Protein chains: 2
Amino acid sequence: MTRSTAAGAGVRRGRPPRGASQLSRDAIVDATLEVVDADGVAGVSMRSVARVLGVDAKSLYNHVDGKDGLLDAVAEHLLGGVSIPPATGDIRVDLPAIADAFRERALLHPEAAPLVLTRRLASFEGLAPVEALLGMLRSAGCSTGESVHLVRFLVASLIGTLLREVQAGPTLGISDQDGIAARQRTLEDSGLPHVIEAAPRLARFDRDAEYRYTVQAATALVLDRVRASRA
Amino acid sequence: MTRSTAAGAGVRRGRPPRGASQLSRDAIVDATLEVVDADGVAGVSMRSVARVLGVDAKSLYNHVDGKDGLLDAVAEHLLGGVSIPPATGDIRVDLPAIADAFRERALLHPEAAPLVLTRRLASFEGLAPVEALLGMLRSAGCSTGESVHLVRFLVASLIGTLLREVQAGPTLGISDQDGIAARQRTLEDSGLPHVIEAAPRLARFDRDAEYRYTVQAATALVLDRVRASRA
DNA sequence: ACCTGAACACCGTTCAAGT
DNA sequence: ACCTGAACACCGTTCAAGT
(Lines give C-alpha, C1' and ligand atoms only; values in the text may rest on other atoms or scores of the structure.)
Protein backbone atom coordinates (compact mmCIF):
# COMPACT_ATOMS: atom_id res chain seq x y z
CA MET A 1 0.00 0.00 0.00
CA THR A 2 2.61 2.53 1.09
CA ARG A 3 4.95 1.27 -1.65
CA SER A 4 7.33 4.23 -1.46
CA THR A 5 8.75 4.89 -4.92
CA ALA A 6 12.15 6.16 -3.91
CA ALA A 7 14.03 3.84 -1.61
CA GLY A 8 17.48 4.56 -0.20
CA ALA A 9 20.61 4.40 -2.27
CA GLY A 10 21.01 0.84 -0.97
CA VAL A 11 21.51 -2.22 -3.10
CA ARG A 12 18.49 -4.33 -2.20
CA ARG A 13 15.27 -2.85 -3.48
CA GLY A 14 12.06 -4.62 -2.53
CA ARG A 15 11.05 -5.79 0.92
CA PRO A 16 13.65 -8.01 2.48
CA PRO A 17 13.21 -11.75 2.15
CA ARG A 18 10.76 -12.96 4.77
CA GLY A 19 11.32 -16.07 6.77
CA ALA A 20 14.79 -16.60 5.43
CA SER A 21 17.51 -15.80 7.97
CA GLN A 22 18.92 -12.95 5.94
CA LEU A 23 19.25 -10.50 8.79
CA SER A 24 21.61 -7.56 8.41
CA ARG A 25 21.87 -4.06 9.76
CA ASP A 26 20.78 -2.57 6.45
CA ALA A 27 17.79 -4.86 6.14
CA ILE A 28 16.75 -3.93 9.67
CA VAL A 29 16.99 -0.22 8.92
CA ASP A 30 14.92 -0.70 5.76
CA ALA A 31 12.30 -2.65 7.67
CA THR A 32 12.18 0.07 10.31
CA LEU A 33 11.54 2.69 7.66
CA GLU A 34 8.73 0.52 6.34
CA VAL A 35 7.15 0.55 9.79
CA VAL A 36 7.75 4.29 10.17
CA ASP A 37 6.12 5.03 6.82
CA ALA A 38 3.09 2.96 7.75
CA ASP A 39 2.62 3.77 11.44
CA GLY A 40 4.95 6.60 12.33
CA VAL A 41 7.84 6.55 14.76
CA ALA A 42 5.43 5.64 17.54
CA GLY A 43 4.69 2.43 15.68
CA VAL A 44 8.29 1.27 15.86
CA SER A 45 8.99 -1.49 18.31
CA MET A 46 11.52 -4.26 18.25
CA ARG A 47 8.62 -6.61 17.75
CA SER A 48 6.98 -4.67 14.91
CA VAL A 49 10.25 -4.36 13.02
CA ALA A 50 10.98 -8.04 13.54
CA ARG A 51 7.51 -8.90 12.26
CA VAL A 52 8.26 -7.15 8.96
CA LEU A 53 11.36 -9.29 8.63
CA GLY A 54 9.67 -12.50 9.67
CA VAL A 55 12.07 -12.91 12.54
CA ASP A 56 12.09 -12.90 16.30
CA ALA A 57 12.49 -9.49 17.93
CA LYS A 58 15.46 -10.63 19.98
CA SER A 59 17.41 -11.44 16.83
CA LEU A 60 17.69 -7.73 16.12
CA TYR A 61 20.00 -7.39 19.10
CA ASN A 62 22.68 -9.20 17.15
CA HIS A 63 22.90 -6.31 14.68
CA VAL A 64 21.69 -3.24 16.49
CA ASP A 65 22.26 -1.72 19.90
CA GLY A 66 18.75 -1.88 21.30
CA LYS A 67 15.82 0.22 20.21
CA ASP A 68 17.69 3.47 20.75
CA GLY A 69 20.56 2.26 18.62
CA LEU A 70 18.07 1.20 15.97
CA LEU A 71 16.53 4.66 15.76
CA ASP A 72 19.99 6.20 15.67
CA ALA A 73 20.86 3.91 12.78
CA VAL A 74 17.78 5.06 10.88
CA ALA A 75 18.63 8.73 11.43
CA GLU A 76 22.20 8.13 10.38
CA HIS A 77 21.14 6.21 7.30
CA LEU A 78 19.00 9.09 6.11
CA LEU A 79 21.43 11.84 7.06
CA GLY A 80 24.31 9.99 5.49
CA GLY A 81 22.60 10.05 2.12
CA VAL A 82 22.61 13.81 1.64
CA SER A 83 24.30 14.60 -1.65
CA ILE A 84 25.12 18.17 -2.48
CA PRO A 85 25.70 19.50 -6.00
CA PRO A 86 29.13 21.03 -6.74
CA ALA A 87 29.61 24.64 -5.69
CA THR A 88 29.25 27.38 -8.26
CA GLY A 89 30.83 30.09 -6.13
CA ASP A 90 27.64 32.12 -5.99
CA ILE A 91 26.14 32.07 -2.50
CA ARG A 92 22.69 32.87 -3.85
CA VAL A 93 22.85 29.57 -5.73
CA ASP A 94 24.93 27.40 -3.43
CA LEU A 95 23.21 28.10 -0.13
CA PRO A 96 19.75 27.16 -1.45
CA ALA A 97 21.27 24.09 -3.11
CA ILE A 98 22.75 22.86 0.16
CA ALA A 99 19.54 23.54 2.04
CA ASP A 100 17.49 21.80 -0.64
CA ALA A 101 19.66 18.69 -0.52
CA PHE A 102 19.32 18.50 3.25
CA ARG A 103 15.59 19.12 3.17
CA GLU A 104 14.96 16.57 0.45
CA ARG A 105 16.76 13.87 2.40
CA ALA A 106 15.19 14.80 5.73
CA LEU A 107 11.71 14.68 4.22
CA LEU A 108 12.30 11.49 2.21
CA HIS A 109 10.31 9.65 4.83
CA PRO A 110 8.19 12.40 6.35
CA GLU A 111 7.24 10.39 9.41
CA ALA A 112 10.91 9.78 10.11
CA ALA A 113 11.82 13.44 9.84
CA PRO A 114 11.63 14.20 13.57
CA LEU A 115 14.18 11.43 14.07
CA VAL A 116 16.56 12.95 11.55
CA LEU A 117 16.05 16.48 12.83
CA THR A 118 16.15 15.97 16.58
CA ARG A 119 18.28 12.90 17.19
CA ARG A 120 21.95 13.05 16.61
CA LEU A 121 22.26 16.75 16.09
CA ALA A 122 25.76 16.17 17.33
CA SER A 123 26.33 13.25 15.01
CA PHE A 124 28.92 13.02 12.31
CA GLU A 125 26.74 11.43 9.70
CA GLY A 126 25.43 14.83 8.74
CA LEU A 127 28.80 16.38 8.03
CA ALA A 128 28.37 16.80 4.28
CA PRO A 129 26.17 19.90 4.57
CA VAL A 130 28.48 21.33 7.22
CA GLU A 131 31.49 20.84 4.96
CA ALA A 132 29.68 22.49 2.06
CA LEU A 133 28.54 25.45 4.15
CA LEU A 134 31.97 25.95 5.65
CA GLY A 135 33.55 25.83 2.20
CA MET A 136 31.09 28.36 0.89
CA LEU A 137 31.69 30.80 3.71
CA ARG A 138 35.44 30.39 3.84
CA SER A 139 35.90 30.99 0.12
CA ALA A 140 33.63 34.01 0.42
CA GLY A 141 36.11 35.44 2.90
CA CYS A 142 34.64 34.66 6.32
CA SER A 143 37.00 33.76 9.14
CA THR A 144 36.87 30.23 10.50
CA GLY A 145 35.29 31.47 13.71
CA GLU A 146 32.60 33.48 12.00
CA SER A 147 31.97 30.60 9.61
CA VAL A 148 31.37 28.15 12.44
CA HIS A 149 28.94 30.48 14.17
CA LEU A 150 27.13 31.13 10.93
CA VAL A 151 26.92 27.44 10.03
CA ARG A 152 25.40 26.69 13.41
CA PHE A 153 22.88 29.46 12.98
CA LEU A 154 21.96 28.27 9.49
CA VAL A 155 21.58 24.64 10.50
CA ALA A 156 19.50 25.54 13.54
CA SER A 157 17.20 27.73 11.47
CA LEU A 158 16.78 25.06 8.84
CA ILE A 159 16.06 22.37 11.41
CA GLY A 160 13.53 24.54 13.19
CA THR A 161 11.83 25.31 9.90
CA LEU A 162 11.74 21.70 8.75
CA LEU A 163 10.52 20.53 12.12
CA ARG A 164 7.55 22.85 11.85
CA GLU A 165 7.03 21.95 8.24
CA VAL A 166 6.67 18.32 9.20
CA GLN A 167 4.46 19.03 12.19
CA ALA A 168 2.27 21.41 10.20
CA GLY A 169 1.79 18.73 7.57
CA PRO A 170 -1.40 17.10 8.72
CA THR A 171 -2.83 19.81 10.97
CA LEU A 172 -2.32 22.98 9.00
CA GLY A 173 -1.56 23.11 5.33
CA ILE A 174 -3.97 23.81 2.54
CA SER A 175 -5.56 20.39 2.72
CA ASP A 176 -7.77 20.86 5.72
CA GLN A 177 -10.21 23.67 4.94
CA ASP A 178 -12.25 23.24 8.11
CA GLY A 179 -9.12 23.06 10.22
CA ILE A 180 -8.01 26.43 8.94
CA ALA A 181 -11.36 27.98 9.78
CA ALA A 182 -11.35 26.51 13.28
CA ARG A 183 -7.79 27.60 13.80
CA GLN A 184 -8.58 31.12 12.70
CA ARG A 185 -11.49 31.27 15.12
CA THR A 186 -9.26 30.15 17.98
CA LEU A 187 -6.72 32.80 17.12
CA GLU A 188 -9.44 35.44 17.00
CA ASP A 189 -10.63 34.35 20.42
CA SER A 190 -7.18 34.84 21.92
CA GLY A 191 -7.81 38.49 22.80
CA LEU A 192 -4.34 39.43 21.57
CA PRO A 193 -4.70 42.37 19.17
CA HIS A 194 -1.87 41.63 16.76
CA VAL A 195 -2.65 37.93 16.69
CA ILE A 196 -6.25 38.80 15.83
CA GLU A 197 -5.15 41.15 13.08
CA ALA A 198 -2.89 38.50 11.57
CA ALA A 199 -5.25 35.57 12.22
CA PRO A 200 -6.16 34.89 8.58
CA ARG A 201 -2.50 34.65 7.69
CA LEU A 202 -1.46 32.78 10.84
CA ALA A 203 -4.18 30.21 10.29
CA ARG A 204 -2.89 28.97 6.96
CA PHE A 205 0.52 27.58 6.25
CA ASP A 206 2.11 26.93 2.88
CA ARG A 207 5.01 24.59 3.48
CA ASP A 208 6.94 25.33 0.33
CA ALA A 209 6.43 29.08 0.60
CA GLU A 210 7.60 29.10 4.22
CA TYR A 211 10.64 27.07 3.34
CA ARG A 212 11.52 29.40 0.49
CA TYR A 213 11.17 32.41 2.77
CA THR A 214 13.54 30.82 5.28
CA VAL A 215 16.17 30.10 2.66
CA GLN A 216 15.88 33.54 1.16
CA ALA A 217 16.14 35.25 4.56
CA ALA A 218 19.12 33.08 5.45
CA THR A 219 20.80 33.91 2.17
CA ALA A 220 20.33 37.64 2.73
CA LEU A 221 21.79 37.27 6.20
CA VAL A 222 24.83 35.41 4.93
CA LEU A 223 25.45 37.93 2.15
CA ASP A 224 25.29 40.71 4.72
CA ARG A 225 27.69 38.88 7.01
CA VAL A 226 30.13 38.21 4.20
CA ARG A 227 30.06 41.87 3.20
CA ALA A 228 30.78 42.86 6.79
CA SER A 229 33.62 40.32 7.02
CA ARG A 230 35.29 41.87 4.00
CA ALA A 231 35.24 45.37 5.44
CA MET B 1 17.73 14.79 45.80
CA THR B 2 16.87 16.73 42.66
CA ARG B 3 14.98 19.27 44.78
CA SER B 4 14.60 21.87 42.01
CA THR B 5 14.78 25.36 43.49
CA ALA B 6 12.46 27.15 41.08
CA ALA B 7 9.05 25.51 40.80
CA GLY B 8 6.34 26.78 38.48
CA ALA B 9 4.30 29.91 39.12
CA GLY B 10 1.67 27.60 40.61
CA VAL B 11 0.07 28.01 44.01
CA ARG B 12 1.02 24.78 45.70
CA ARG B 13 4.73 24.56 46.35
CA GLY B 14 6.05 21.35 47.82
CA ARG B 15 5.29 17.86 46.63
CA PRO B 16 1.61 17.16 46.48
CA PRO B 17 0.03 15.36 49.43
CA ARG B 18 0.67 11.65 49.11
CA GLY B 19 -1.95 9.08 49.79
CA ALA B 20 -4.68 11.63 50.21
CA SER B 21 -7.06 11.73 47.25
CA GLN B 22 -6.11 15.25 46.24
CA LEU B 23 -5.75 14.57 42.56
CA SER B 24 -6.00 17.49 40.15
CA ARG B 25 -4.70 18.32 36.72
CA ASP B 26 -2.20 20.78 38.17
CA ALA B 27 -0.92 18.33 40.74
CA ILE B 28 -0.48 15.75 38.00
CA VAL B 29 1.50 18.16 35.83
CA ASP B 30 3.71 19.05 38.81
CA ALA B 31 4.31 15.39 39.55
CA THR B 32 5.18 14.76 35.92
CA LEU B 33 7.76 17.54 36.01
CA GLU B 34 9.21 15.94 39.13
CA VAL B 35 9.64 12.70 37.18
CA VAL B 36 11.05 14.52 34.17
CA ASP B 37 13.60 16.36 36.29
CA ALA B 38 14.72 13.12 37.88
CA ASP B 39 14.60 10.65 34.98
CA GLY B 40 13.97 12.62 31.81
CA VAL B 41 11.00 12.43 29.50
CA ALA B 42 11.76 8.76 28.89
CA GLY B 43 11.13 8.15 32.59
CA VAL B 44 7.57 9.38 32.37
CA SER B 45 4.92 6.70 32.50
CA MET B 46 1.40 6.80 33.83
CA ARG B 47 2.63 4.50 36.55
CA SER B 48 5.72 6.53 37.49
CA VAL B 49 3.71 9.74 37.72
CA ALA B 50 1.03 8.02 39.77
CA ARG B 51 3.70 6.67 42.09
CA VAL B 52 4.86 10.21 42.87
CA LEU B 53 1.30 11.09 43.80
CA GLY B 54 0.70 7.91 45.80
CA VAL B 55 -2.17 6.98 43.58
CA ASP B 56 -3.15 4.35 41.06
CA ALA B 57 -2.07 5.05 37.48
CA LYS B 58 -5.58 4.65 36.16
CA SER B 59 -6.81 7.50 38.34
CA LEU B 60 -4.90 9.93 36.13
CA TYR B 61 -7.32 9.22 33.32
CA ASN B 62 -9.97 11.15 35.21
CA HIS B 63 -7.99 14.36 34.78
CA VAL B 64 -5.82 13.92 31.73
CA ASP B 65 -6.35 12.54 28.24
CA GLY B 66 -3.95 9.60 28.32
CA LYS B 67 -0.17 9.83 28.31
CA ASP B 68 -0.12 11.97 25.20
CA GLY B 69 -2.55 14.42 26.74
CA LEU B 70 -0.42 14.46 29.87
CA LEU B 71 2.71 15.43 27.97
CA ASP B 72 0.75 18.06 26.07
CA ALA B 73 -0.42 19.47 29.38
CA VAL B 74 3.16 19.72 30.61
CA ALA B 75 4.28 21.51 27.45
CA GLU B 76 1.33 23.87 27.67
CA HIS B 77 1.95 24.55 31.32
CA LEU B 78 5.51 25.63 30.63
CA LEU B 79 4.76 27.55 27.44
CA GLY B 80 1.83 29.30 29.07
CA GLY B 81 4.13 30.79 31.69
CA VAL B 82 6.22 32.90 29.35
CA SER B 83 6.10 36.50 30.54
CA ILE B 84 7.54 39.21 28.36
CA PRO B 85 8.65 42.62 29.61
CA PRO B 86 6.86 45.68 28.17
CA ALA B 87 8.12 46.92 24.81
CA THR B 88 10.53 49.84 24.68
CA GLY B 89 10.12 50.46 20.94
CA ASP B 90 13.77 49.60 20.24
CA ILE B 91 14.06 46.35 18.33
CA ARG B 92 17.60 45.82 19.56
CA VAL B 93 16.22 45.69 23.07
CA ASP B 94 12.81 44.15 22.55
CA LEU B 95 13.74 41.24 20.30
CA PRO B 96 16.37 39.89 22.70
CA ALA B 97 13.94 40.42 25.58
CA ILE B 98 11.26 38.32 23.91
CA ALA B 99 13.74 35.61 23.00
CA ASP B 100 15.16 35.59 26.52
CA ALA B 101 11.73 35.19 28.09
CA PHE B 102 10.96 32.26 25.82
CA ARG B 103 14.31 30.64 26.38
CA GLU B 104 14.17 31.01 30.13
CA ARG B 105 10.80 29.31 30.28
CA ALA B 106 11.72 26.58 27.81
CA LEU B 107 14.85 25.73 29.78
CA LEU B 108 13.20 25.95 33.22
CA HIS B 109 13.17 22.17 33.28
CA PRO B 110 15.96 21.29 30.88
CA GLU B 111 14.88 17.68 30.51
CA ALA B 112 11.41 18.84 29.54
CA ALA B 113 12.67 21.26 26.91
CA PRO B 114 12.29 18.89 23.94
CA LEU B 115 8.64 18.57 24.92
CA VAL B 116 8.15 22.32 24.91
CA LEU B 117 10.11 22.84 21.72
CA THR B 118 8.80 20.01 19.56
CA ARG B 119 5.31 19.24 20.79
CA ARG B 120 2.57 21.65 20.11
CA LEU B 121 4.44 23.94 17.80
CA ALA B 122 0.98 24.65 16.48
CA SER B 123 -0.45 25.20 19.92
CA PHE B 124 -1.98 28.38 21.23
CA GLU B 125 -0.42 28.29 24.62
CA GLY B 126 2.68 29.93 23.23
CA LEU B 127 0.95 32.92 21.73
CA ALA B 128 2.46 35.53 24.02
CA PRO B 129 5.82 35.62 22.20
CA VAL B 130 4.04 35.67 18.84
CA GLU B 131 1.91 38.61 19.92
CA ALA B 132 4.98 40.48 21.16
CA LEU B 133 6.95 39.80 17.97
CA LEU B 134 4.05 40.81 15.74
CA GLY B 135 3.56 44.02 17.73
CA MET B 136 7.25 44.83 17.46
CA LEU B 137 7.33 44.33 13.69
CA ARG B 138 4.04 46.04 12.95
CA SER B 139 4.93 49.17 14.88
CA ALA B 140 8.30 49.16 13.13
CA GLY B 141 6.44 49.44 9.85
CA CYS B 142 6.34 45.86 8.50
CA SER B 143 3.23 44.71 6.67
CA THR B 144 1.12 42.01 8.29
CA GLY B 145 2.23 39.49 5.68
CA GLU B 146 5.91 40.23 6.08
CA SER B 147 5.51 40.22 9.86
CA VAL B 148 3.97 36.75 9.86
CA HIS B 149 6.75 35.35 7.69
CA LEU B 150 9.38 36.97 9.84
CA VAL B 151 7.83 35.76 13.09
CA ARG B 152 7.79 32.21 11.75
CA PHE B 153 11.41 32.49 10.73
CA LEU B 154 12.41 33.89 14.11
CA VAL B 155 10.53 31.26 16.10
CA ALA B 156 11.93 28.45 13.97
CA SER B 157 15.48 29.72 14.39
CA LEU B 158 15.06 30.09 18.12
CA ILE B 159 13.57 26.63 18.49
CA GLY B 160 16.33 25.08 16.41
CA THR B 161 18.94 26.84 18.48
CA LEU B 162 17.40 25.90 21.82
CA LEU B 163 16.91 22.32 20.71
CA ARG B 164 20.59 22.02 19.99
CA GLU B 165 21.48 23.88 23.17
CA VAL B 166 19.60 21.28 25.17
CA GLN B 167 21.03 18.35 23.23
CA ALA B 168 24.55 19.72 23.46
CA GLY B 169 24.16 20.06 27.21
CA PRO B 170 25.61 16.79 28.41
CA THR B 171 27.69 15.73 25.40
CA LEU B 172 29.45 18.90 24.32
CA GLY B 173 29.86 21.97 26.47
CA ILE B 174 32.87 23.00 28.43
CA SER B 175 32.30 20.41 31.12
CA ASP B 176 33.54 17.34 29.35
CA GLN B 177 37.19 17.91 28.49
CA ASP B 178 37.80 14.39 27.22
CA GLY B 179 34.63 14.47 25.16
CA ILE B 180 35.85 17.56 23.34
CA ALA B 181 39.17 15.91 22.53
CA ALA B 182 37.48 12.76 21.26
CA ARG B 183 35.05 14.78 19.22
CA GLN B 184 37.83 16.82 17.70
CA ARG B 185 39.65 13.66 16.73
CA THR B 186 36.55 12.28 15.03
CA LEU B 187 36.11 15.50 13.08
CA GLU B 188 39.73 15.39 12.00
CA ASP B 189 39.24 11.83 10.80
CA SER B 190 36.34 12.83 8.58
CA GLY B 191 38.56 13.62 5.62
CA LEU B 192 36.55 16.76 4.88
CA PRO B 193 39.03 19.65 4.50
CA HIS B 194 36.96 22.50 5.91
CA VAL B 195 35.64 20.37 8.74
CA ILE B 196 39.21 19.48 9.61
CA GLU B 197 40.28 23.11 9.50
CA ALA B 198 37.43 24.12 11.81
CA ALA B 199 37.63 21.03 14.02
CA PRO B 200 38.93 22.78 17.16
CA ARG B 201 36.06 25.25 17.00
CA LEU B 202 33.42 22.70 15.97
CA ALA B 203 34.41 20.41 18.82
CA ARG B 204 33.54 22.85 21.58
CA PHE B 205 30.22 24.49 22.16
CA ASP B 206 29.45 27.41 24.45
CA ARG B 207 25.70 27.40 24.97
CA ASP B 208 25.34 31.00 26.06
CA ALA B 209 27.66 32.30 23.36
CA GLU B 210 25.82 30.39 20.65
CA TYR B 211 22.50 31.67 21.90
CA ARG B 212 23.75 35.25 21.92
CA TYR B 213 25.03 34.87 18.38
CA THR B 214 21.64 33.62 17.24
CA VAL B 215 19.80 36.51 18.83
CA GLN B 216 22.24 39.04 17.46
CA ALA B 217 22.07 37.61 13.95
CA ALA B 218 18.28 37.51 14.12
CA THR B 219 18.20 41.11 15.30
CA ALA B 220 20.40 42.23 12.42
CA LEU B 221 18.15 40.38 9.99
CA VAL B 222 15.04 42.01 11.38
CA LEU B 223 16.55 45.48 11.29
CA ASP B 224 17.50 44.91 7.68
CA ARG B 225 14.01 43.69 6.83
CA VAL B 226 12.39 46.64 8.56
CA ARG B 227 14.64 49.04 6.66
CA ALA B 228 13.67 47.36 3.38
CA SER B 229 9.98 47.49 4.29
CA ARG B 230 10.18 51.25 4.79
CA ALA B 231 11.72 51.85 1.37
C1' DA C 1 28.11 -16.54 14.42
C1' DC C 2 23.60 -15.99 14.79
C1' DC C 3 18.82 -17.28 16.10
C1' DT C 4 15.28 -18.34 19.73
C1' DG C 5 12.45 -20.20 24.21
C1' DA C 6 11.74 -19.00 28.60
C1' DA C 7 11.47 -15.41 31.51
C1' DC C 8 11.33 -10.75 33.81
C1' DA C 9 9.90 -6.38 34.77
C1' DC C 10 7.72 -3.29 32.79
C1' DC C 11 4.03 -0.52 29.62
C1' DG C 12 -1.06 2.17 28.21
C1' DT C 13 -5.76 1.61 28.50
C1' DT C 14 -10.75 -0.15 29.17
C1' DC C 15 -14.49 -1.22 31.90
C1' DA C 16 -17.26 -2.56 35.36
C1' DA C 17 -17.58 -2.15 39.93
C1' DG C 18 -17.17 0.29 44.20
C1' DT C 19 -17.48 4.64 47.36
C1' DA D 1 -17.59 12.50 40.75
C1' DC D 2 -13.75 10.07 41.27
C1' DC D 3 -10.91 5.98 42.53
C1' DT D 4 -9.52 1.05 41.75
C1' DG D 5 -9.35 -4.46 40.79
C1' DA D 6 -9.24 -7.36 37.21
C1' DA D 7 -7.86 -7.83 32.82
C1' DC D 8 -5.81 -7.30 28.07
C1' DA D 9 -2.58 -6.66 24.73
C1' DC D 10 1.34 -4.95 24.46
C1' DC D 11 6.59 -3.38 25.55
C1' DG D 12 12.49 -3.81 25.88
C1' DT D 13 15.90 -6.78 27.27
C1' DT D 14 18.83 -10.76 29.30
C1' DC D 15 20.58 -15.17 29.16
C1' DA D 16 21.23 -19.72 28.48
C1' DA D 17 20.50 -22.90 25.20
C1' DG D 18 20.41 -24.51 20.55
C1' DT D 19 22.14 -24.81 15.46
Side-chain angles (χ1 to χ4, degrees), chain A residues 12 15-76 111-112 114-115 118-120, chain B residues 12 15-76 111-112 114-115 118-120:
Chain A
R12 193 186 300 105
R15 64 158 47 76
R18 325 228 166 196
S21 60
Q22 272 283 62
L23 228 37
S24 74
R25 199 183 162 86
D26 271 9
I28 292 173
V29 168
D30 282 357
T32 308
L33 280 172
E34 223 174 282
V35 173
V36 168
D37 286 340
D39 302 321
V41 178
V44 174
S45 71
M46 300 305 271
R47 285 164 159 94
S48 66
V49 171
R51 210 174 300 130
V52 169
L53 293 161
V55 141
D56 190 283
K58 299 181 292 312
S59 302
L60 305 183
Y61 286 84
N62 289 306
H63 302 90
V64 138
D65 190 14
K67 184 181 178 182
D68 238 53
L70 171 56
L71 294 179
D72 282 350
V74 170
E76 279 161 17
E111 293 283 351
L115 236 50
T118 58
R119 270 180 119 74
R120 313 256 93 198
Chain B
R12 192 184 300 105
R15 67 158 46 77
R18 325 226 167 198
S21 59
Q22 272 284 60
L23 227 37
S24 74
R25 199 182 162 85
D26 272 9
I28 292 173
V29 168
D30 282 356
T32 308
L33 280 172
E34 223 173 283
V35 173
V36 168
D37 286 340
D39 303 320
V41 177
V44 174
S45 72
M46 300 304 273
R47 286 163 159 94
S48 66
V49 171
R51 210 174 299 128
V52 170
L53 293 160
V55 141
D56 190 283
K58 297 181 292 315
S59 303
L60 306 182
Y61 286 83
N62 289 306
H63 302 90
V64 138
D65 191 14
K67 185 182 177 181
D68 238 53
L70 171 57
L71 294 179
D72 282 350
V74 170
E76 281 162 16
E111 293 282 352
L115 237 49
T118 58
R119 271 180 118 73
R120 312 256 95 197

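Only heavy atoms go into these numbers, but all of them, side chains included; no hydrogens, no water, no symmetry mates. The shown structure was predicted, so the numbers you read here are calculated from the model rather than taken from an experiment. Chain identifiers are assigned alphabetically (A, B, ...) following the order of the sequence lines, protein sequences preceding nucleic acid strands; residue numbering begins at 1 within each chain.
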Margin query: Test side-chain contact (heavy atoms from CB on, under 4.5 Å) on V74(B) and V41(B); report intermediate values, then the result.
Written below: CA-CA 11 Å; V74(B) 170; V41(B) 177; over 6 Å; no
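Here the CZ atom belonging to R47(B) is positioned 7.5 Å from the NZ atom belonging to K58(B), to the nearest 0.5 angstrom. With rounding to the nearest 0.5 angstrom, the CG atom of D30(B) is 8.0 Å from the OG atom of S24(B). Interatomic distance, L23(A) CG to I28(A) CD1, rounded to the nearest 0.5 Å: 4.0 Å. For the atom pair OG of S45(A) and CG of L60(A), the computed distance is 9.5 Å after rounding to the nearest 0.5 Å.
In terms of heavy-atom proximity, A112(A) sits nearest to V36(A) at N-CG1, 3.6 Å. Here the closest heavy-atom approach between residue V64(B) and residue G69(B) is recorded as CG1-C, 4.3 Å. The two residues D37(A) and E111(A) come nearest to each other via the heavy atoms O-CG, 4.5 Å.
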Restricting to nitrogen or oxygen on both sides, can you table the protein-nucleotides 17-19 of chain C pairs closer than 3.5 Å?
none

Pairs: protein N or O with nucleotides 10-13 of chain C N or O, under 3.5 Å:
residue, atom, partner, partner atom, Å
dC11(C), OP1, S45(B), OG, 3.3
dG12(C), OP1, M46(B), N, 3.1
dG12(C), OP2, M46(B), N, 3.0
dG12(C), N7, R47(B), NH1, 2.5
dG12(C), O6, R47(B), NH2, 3.4
dT13(C), OP2, Y61(B), OH, 2.8
dT13(C), OP2, K67(B), N, 2.9
dT13(C), O5', Y61(B), OH, 3.2

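At the phosphate of dT4(C), OP1 or OP2 sits under 4.0 Å from a side-chain N or O atom of S59(A). Phosphate contact (OP1/OP2 of dC3(D), side-chain N/O of H63(B), threshold under 4.0 Å): present.
Whole-Å rounding puts the L23(A) CG to dC3(C) C1' distance at 9 Å.
Pairs engaging residues 60-73 of chain A under the side-chain hydrogen bond (donor to acceptor under 3.5 Å, both in side chains) rule: D68(A)-R119(A), D72(A)-R119(A) [sequence neighbours left out].
For D39(A), the salt bridge (Lys or Arg N to Asp or Glu O under 4.0 Å) test picks out no residue, with sequence neighbours left out. Take V35(A) and apply the side chain to side chain contact (heavy atoms under 4.5 Å, CB included) test, not counting sequence neighbours, and it matches V44(A), S48(A), V49(A), V52(A).
Taking the P atoms as reference points, dA9(D) lies 22 Å from dA9(C), given to the whole Å.
In this structure, N62(B) reaches the bases: a heavy-atom distance under 4.0 Å links it to at least one base atom across the strands shown.
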Notebook entry, point to check: Under a 3.5 Å cutoff on both atom distances, Watson-Crick or G-U, what's the dot-bracket for DNA chain C ([ ] crossing, | other strand)?
Noted result: ||.|||||...|||||.||
